[in-house]
Amino acid sequence: MRVLVTSDYRTLSEEAAELIARAVRTRPGLTLGLPTGNTPLGMYQELVRKHLHEGLDFSRVRAFNLDEYLGLARDHPQSYHSYMRARLFDQVNLQRENTDIPDGTPGIDADAECDRYENAIRDAGGIDLLIVGIGANGHIAFNEPGSSFDSRTRVVLLAPGTIADARKYFAREGEVPRSAITIGIRTILDARRILLLASGRKKAEAVERTLRDPVSESLPASALQLHPDVIAILDEAARGH
Ligand code: GLP
């Protein structure tokens, strides 16, 4: 894993966006794997700026999101569908038919949706560049500790700490989803290149363990050590400085 430590969150966001922009310019029809959460917000802002002011062209880019809550309508303000529309899709020239996010609509046949999603990624030729954040417990996408490294897109129960972290985004306790659809660890490792982003002191322990601990299913992010082309961009706080 190559590690780049930036002085602050803004620089982390700029470096991440520049890496993506270079990949898109080199291969305009590439397939991205896209994360949600707070960490990539600055990166998306910078990608939008590059689109508006530097002509960065997404017209041939394909994009698959990593995960989605199960049991939220697509237009729920906290759904990852809503997040992606607001942060990226409505602000750049990505073609809507070139974007895909697992569908967590209440009542959906979730297992069938997982199969559809995994097949859609495969049919697109796989993910060229996958960007991923990290949970404080070392989860990647919604692969919680204990996830098999052979896992593919599936329904998962969220860990208590992950539910607690999500609580602030929902008006009522009862509204916070308890489960999600996530691409698997194997789906992540199948990507040709992976960009790991981590910002802030709350991530420092998970980052340290991801870089140093033996590879173990009890720490999902440690699977990234098994991939030949991972770049981790960390700000100093996440690196523990
Ligand atoms: C959620 C998402 C993950 C994300 C994580 C960290 O669990 N499913 O993909 O990496 O949150 O989020 P944040 O960047 O807000 O700390």
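In this text, all values refer to a predicted model and were calculated from it rather than measured experimentally. One-based numbering, in listed order, for ligands and for the atoms of each.
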Within the structure provided, determine whether V61 and N98 are in side-chain contact (heavy-atom separation under 4.5 Å). no

Assess whether a salt bridge exists between R96 and D90, defined as any Lys/Arg side-chain N lying under 4.0 Å from an Asp/Glu carboxylate O. yes

Any donor-acceptor pair under 3.5 Å from D67 side chain to F142 backbone: yes

Counting only non-hydrogen atoms and a 4.0 Å cut-off, the residues near ligand 1 are G37, N38, T39, D67, Y80, G133, I134, H139, A141, F142, K203

Just one of L4, V5, I233 clears the side chain to side chain contact (heavy atoms under 4.5 Å, CB included) bar with L12, so which one? I233

With H76, which residues qualify under ring-ring contact (aromatic ring centres under 6.0 Å, His included), at least two apart? F170

N143 side chain to R186 side chain, donor-acceptor N/O pair below 3.5 angstrom: no

